[in-house]
Amino acid sequence: MRPLAGRHIVLGLSGGVACFKAAELTRELVKAGATVQVVMTEAACQFITPVTMQALSNRAVYTSQWDAREANHMPHINLTRGADAIVIAPASADFIAKLAQGRADELLSLLCLARPLTAGRPVPLLVAPAMNREMWAHPATQRNVAQIRADGATVLGPAAGDQACGEVGDGRMLEAEELRDELIAHLRPKLLAGRSVLVTAGPTFEAIDPVRGITNLSSGKMGFAIARAAAEAGARVTLVAGPVHLSTPRGVQRIDVKSAEQMLAAVLPQAPRHEIFVATAAVADWRPAAAAGQKIKKDGSGRVPVLEFVENPDILATVARLPAGERPYCVGFAAESHDIVRHAREKLARKGVPLIVANDGPATFGRDENTLVLVDAAGETALPRGDKLALAHALVAEIARRHRKAP
Ligand code: C5P
């Protein structure tokens, strides 16, 4: 997957030990499909060489505003025209101070000041601070950071943790993968700006006794991908997750649950606070009527325990029955093994929802790829086979379009 294909990124390095992470970031951006133009300050060249950065970006690195390679002698203009973003990583305290003051005494600060903001296509500026915690906490730095934000820059991080100086605190630059993902998210169209999305994901676990239970093979990957895609599309996202081993997408608020009843209890108060509800969870249909308080023991007699089951609440149908005004736009999933569209259409009616997303259960559980068919009153729309994140983005676009039109 190359989410940055066709994108041109200017990656600026100012001085700091975190310059080593900029090497990794360059690799990540190139792997994601971007072309990367590296620009380094004199201080950055003390920490990592232009040779390394040129090899990784496969492009000549710029370090001086007096670079004679540019025919018009204006690298500060040429380098940002046609760029999709400028990323400063690492951004030192001194460099942020320069940005805040609009100083332009070397190439990198000069090109930031000269980037298109008003005319043509504006070039976003993303800044990843990296410095000692005292420098970060200093009122001067905090003032400068507030100023560059007010001037339109996006500040990524910093994170807290171990620092190169041996101290521990705020000021660590985000990791290369985190910066890559922030940039990808920043460049996504904001189809759900100002909207809120509630997602359920993963299996549920229905206890039989303290050490056993019934569950299913849902990995939660599709639901997590939808939560991530919705957040990247600008939505406020709450994710109610059954037991899965997946990390929470950036910017998403996560509520962990185990059983269907817990999932319902988590969803019900949230539903009226969200405009869109996407139920991807593979909720167990039944649960043991009563979970044993102690482990059920094998007694050697050959007799097996007989379990009685009761039906679980249908979370999606319950939300779909909320009164208008409290009811979000509801999207259900249908994992079937045959007659996919027919079953999806039945489910549309039975659950009383405007959209069902059908997929082939056995072909998708635990996999990274999937195929989806959207079934609604207007007909069927197939989304071509792809990885779950690409599909999630396509699905989010379809949901955003339908939600805008919904009564
Ligand atoms: O009824 P079935 O499990 O086939 O329906 C699947 C859809 O309903 C999914 O969107 C799933 O998340 C949702 N569902 C639910 N609560 C249940 C069962 C299914 O929210 N108890």
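One-based numbering along the sequence shown. Note that ligands are numbered from 1 as they come in the structure, with each ligand's atoms numbered from 1 the same way. Computed from a predicted model, the values in this text were never measured in an experiment.
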Is there a nitrogen or oxygen of Gly332 sitting under 3.5 Å from a nitrogen or oxygen of ligand 1?
-> no
Is the shortest side-chain N to carboxylate O distance from Arg287 to Glu311 below 4.0 Å?
-> no
So, Asp151 and Arg149, do they make that salt bridge, N to O below 4.0 Å?
-> no
Looking only at distance, does Thr200 have an N or O less than 3.5 Å from an N or O of ligand 1?
-> no
Is the closest heavy atom of Asn312 to ligand 1 under 4.0 Å?
-> no
Arg180/Glu177 under salt bridge (Lys or Arg N to Asp or Glu O under 4.0 Å): CA gap, chis, key distance, verdict | CA-CA 5 Å; Arg180 175 204 60 200; Glu177 289 92 353; 5.6 Å; no
Nearest protein heavy atom with distance in Å, relative to atom 12 (O) of ligand 1 | Ala281 O, 2.6 Å
Short N-O contact, Glu232 and Lys190, less than 4.0 angstrom | no
Kindly confirm or rule out an N or O of Ala334 lying under 3.5 angstrom from an N or O of ligand 1.
-> no
SB check Asp314 Lys351 (cutoff 4.0 Å) | yes
Counting heavy atoms only, which part of Leu316 comes closer than 4.0 Å to ligand 1: side chain, backbone, both or neither?
-> both
Distance from atom 4 (O) of ligand 1 to nearest protein heavy atom, with residue and atom | Lys347 NZ, 2.4 Å
What's the spacing between Gln37 CD and Leu11 CG if we round to 0.5 Å?
-> 9.5 Å
Do ligand 1 and Phe333 have nitrogen or oxygen atoms that lie under 3.5 Å from each other?
-> yes
For atom 17 (C) of ligand 1, what is the nearest protein heavy atom, given as residue, atom name and distance?
-> Val283 CB, 3.4 Å
Should Asp209 and Lys295 count as an ion pair when the cut-off is N to O under 4.0 Å?
-> no
For ligand 1, which part of Ala260 has a heavy atom less than 4.0 Å away: the side chain, the backbone, both, or neither?
-> neither
Looking only at protein heavy atoms, what sits closest to atom 21 (N) of ligand 1 is Pro313 O, 2.8 Å
Between the side chains of Asn312 and Glu261, is a donor N or O closer than 3.5 angstrom to an acceptor N or O?
-> no
So is Ala282 polar-close to ligand 1, meaning N/O to N/O under 3.5 Å?
-> no
Heavy atom of Lys351, distance to ligand 1 below 4.0 Å = yes
Does an N or O from Ile315, backbone or side chain, lie closer than 3.5 Å to an N or O of ligand 1?
-> yes
Only one of Ile148, Ile86, Thr154 passes side chain to side chain contact (heavy atoms under 4.5 Å, CB included) with Leu125, and that residue is Ile86
Have a look at Pro328 and tell me which of Ile276, Leu198, Val319 forms a side chain to side chain contact (heavy atoms under 4.5 Å, CB included) with it.
-> Val319
What atoms in ligand 1 come closer than 4.0 Å to a heavy atom of Thr280?
-> 12 (O)
With atom 3 (O) of ligand 1 as the reference point, say which of Leu264, Asp285, Val357 has the nearest heavy atom.
-> Asp285
